[in-house]
Structure formats: C-alpha cells, structure tokens
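Following: one structure in structure tokens, then a few remarks.
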Amino acid sequence: MRAHRDLLEKSDPDVFATLTGEENRQRLGVELIPSENYTYPEVLAVLGSVFTNKYSEGYPGRRYYGGQEFTDRVEILARERACQVFRSEHANVQPLSGSPMNQAVYLGLLELGDTILAMDLSHGGHLTHGAPVSHMGRLFNFVRYKTGATDGAIDFDAVRELAREHKPKLVLCGYTSYPRDLDYAAFKAVADEVGAYTMCDASHYAGLVAGGVMKNPMDHGFDVMTTTSHKSLRGPRGGMILCRKELAARIDKSVFPGLQGGPHMNVIAGIAITMGKALTPEFRDYAAQVLLNTQAFAGALTSGGAQLVTGGTDNHMLVMNTQASFGLDGRVAEELLDEVGITTNKQIIPDDPNPPLRPSGIRIGTPAATTRGMKEREMERLAGWMLAVLGKPEDAALRADIRREVEAMCLTFPVPGL
Ligand code: DSN
C-alpha cells in the first residue's frame, strides 16, 4: 500500500492531494451520517487489488470469460457467508450498489405497472421505494403507508386496508430514515392475505441484524431481503440480495444479464471479508455498542430540549426536528455542524412542509463513530456540542472553540486503515 501511495504522490500530485485532504477530513471530524462507516483495512486492501482487473460476467461455474479460478472461489465465499449471516437460502452479491439491487428485485419478480406497497418517502422510505423522480416510480405503481404521528408506529389495520384496496404484488418494508425496528410478522400477514411477495430493504441496519440486536426479516419467512454492504455492515460499497431458493434463478437472471454486466470482483472480495467479520463475536459486540450509543445520544439530546422524530430510537439513527427544536431548517443545521467537524445530513421529516433541500430535520447515526471506538461518554459530549452549536447559531467564536474540542477528541480515536 505504501509503495502504491508513493507512486501516486509522484505521478499525480493533484489527485493525491484530494486523497490526503479527504483522509484528514475523516481523521479530524466525526462522521454521524447514519449510512456511512469506516471499512476494514482488509477491505481497503482488496478494493485496491488486482481483482479490479477482471471481467467475470455470469456466476461461479457459468462465466462468459476464462481465467475465473479465483474470482469463482471468492464469490462463492461471499455468497455462502452472506447466507450464513442472514440465515438465507440464497444470496446474490453482484449488485453494484443499493439502487440497482432494489431495481433487480422489482424487475425480476414483477411485471411493469404492478403495484408495490411501500413506506411513504417523507416517513422514511428510500428513493427506489417509489419516488416520482426515480425511474422505479414511473415503471411501477407505488402505494404508500405512513407511520404514526407521535411514536412512529405503523398502523397495520391501515396497511391491510391499503393492501385490500390496491392488491399489491409486493409488500415492501425497510427504510432510509426511520429510527425504529419493524414487525415483519405483521407485514407478512398482510402480504399473505393478498398473495403478495414480501421484501425488506434492510440496507441501513443490516449490520445490527447480522449482530443479533435487531430482528431478521428472513427469520419471519420473508421472500427477499436486500442490503447494501457499506453502511452498518462496514463493508465495501456494494449490494446483496438474499432470497428463498425458489426465487434464486429469477433474482440471479434479473441482476445479470437483466440489469448489469460485469460484477466488481474487488468489491465482491470485500463483501466476502465483511461477511466473515460479521460472523465473529467482536461484530456482535460492535452491533450492541451501536445501539447503546444511539440510546445515549438520544437521551442527551432530548434532555437538552431537542425534539426527535418518534421520540427516540431502536436502531442506529436519530432523526432530529431542527425546525421545532431550534427554529433552524436542516440545511442550516447541517452547515453549522459541518463548521465544527460534526458531519450529519439534512433530512425530510414525516409530511414535511419544507422542500428536500431545505427540510425540517437532520439525521444522526452512530455506526461510524462506534467503529472508531467511541462509546456513550463520547456520544454525550457530541450531543452537548450539537445542542450548543444549534442553540447559538450566531456565535462563530463558540463554533471555533468546539471545533478544536471535536478535533482533540477525534485524534484519540483513530480511523481504521489510516
Ligand atoms: N444514500 C443512502 C442514505 O444515506 O440513506 C441511501 O441510499
């Protein structure tokens, strides 16, 4: 690695400067975007390895190019380990990322124009769960369920009514901005009643499922679970589709040749490593600490007067209503926190009256900070700094002081791989 860096520094100092700049940003700031993490040094090693040189269209034992002895072996390792981690009968580890992963499921199991019942986007659903600006919103007919106004609970009588009325072919749960666990048995009962497939997009919290601290949709008879590999799982940027074996051929065909060409074998090697790590006791400890950290964060923020969507959290994230808490929209809050080295992201909240680029809230997540070894005490310090910054948006001197404190704390928690 050292030799590769030296070569880059000499041959392309402009790109090298962006790399070292980003390394410093990561080292000196706290990453609280709930979908981000610091991957394992071993994963960094295979991402920058000769696996990136290889075309491997097809699947192990059925490729369209020669020279597949080692790519076959590593893809089989990734698939077998993923099945073990999530107690699934089949795994496809080729999706290039989260959006094509979900698209491959819809296109593999449904006909164009079919109805999908999914979570309302402002209540936490993802773009690929039917946003009108996503191609999926044009190709399929999405009907949306919402979450309860105070505690965020899902009203399954209302979900069942929607299902009876619209007869979806797929009932989809999972989310990108919702701080609670899900009742998979209740979703499955609704889907069974109308003869629909069940699918969970667990991209955000799959690491907590793997670590045994959140429920696993595959334990509740779900047909399909999708997850990206780089969020709470700490892997490379990629996607996985887990499914029952009866659906395996349709899913595989939909990913390749239906939607994609050559898989990224360096990423698949990284997924194999990530799944191996997810099977260890250390990973269970990590997942448990992520939950302890979000709970400590939530407690400190609410006792300081902040308003959290649903009132708290069962997972790795918090959604703060910055408008109601501090009279600041999410964009301003994000920018103020950026100034002190605390990275969050602006976020729409349920039925947000404001537009997505100036929404009413921010998301806060603990997977990355937990990877650095931060615990409840650091979460409380971070919450205190956030309350101070957002409570006094006009105070630039305060932000300069807090930035120094954030940097000092960060230097005592090294980023893995740096
Ligand atoms: N961009 C991801 C997130 O931040 O939730 C989802 O794709």
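Ligands are counted one by one from 1 in listed order, and the atoms in each one are counted from 1 as well.
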**Request:** For atom 5 (O) of ligand 1, grab the closest protein heavy atom and report residue, atom and distance to one decimal in Å.
**Result:** Thr176 OG1, 2.5 Å
**Asked** Parallel, tilted or perpendicular: which fits the ring planes of Phe187 and Tyr145, with parallel below 30° and perpendicular above 60°?
**Response** tilted
**Prompt:** Counting from 1, what ligand 1 atoms have a heavy atom of His126 closer than 4.0 Å?
**Reply:** 6 (C), 7 (O)
**Message:** Within the 4.0 Å heavy-atom shell around His204, which atoms of ligand 1 are there?
**Reply:** 3 (C), 5 (O)
**Prompt:** At their closest point, which heavy atom of Val30 faces which heavy atom of Ala369, and how far apart are they?
**Reply:** CG1-CB, 4.4 Å
**Request:** Just let me know how Glu36 lines up against ligand 1, side chain, backbone, both or neither, with a heavy-atom cut-off below 4.0 Å.
**Result:** neither
**Request:** Please say which of Arg63, Gln94, Glu75 ends up in a side chain to side chain contact (heavy atoms under 4.5 Å, CB included) with Ser56.
**Result:** Arg63
**Asked** Considering only heavy atoms of Arg363, which atoms of ligand 1 have at least one such atom less than 4.0 Å away?
**Response** 3 (C), 4 (O), 5 (O)
**Request:** Using a distance threshold of 4.0 Å (strictly less than), state whether atom 1 (N) of ligand 1 has a protein heavy-atom neighbour.
**Result:** no
**Message:** Are Phe256 and Tyr64 an aromatic pair, judged by ring center distance below 6.0 Å?
**Reply:** yes
**Item:** Pairing of Asp192 and Lys188 as salt bridge, 4.0 angstrom limit
**Value:** yes
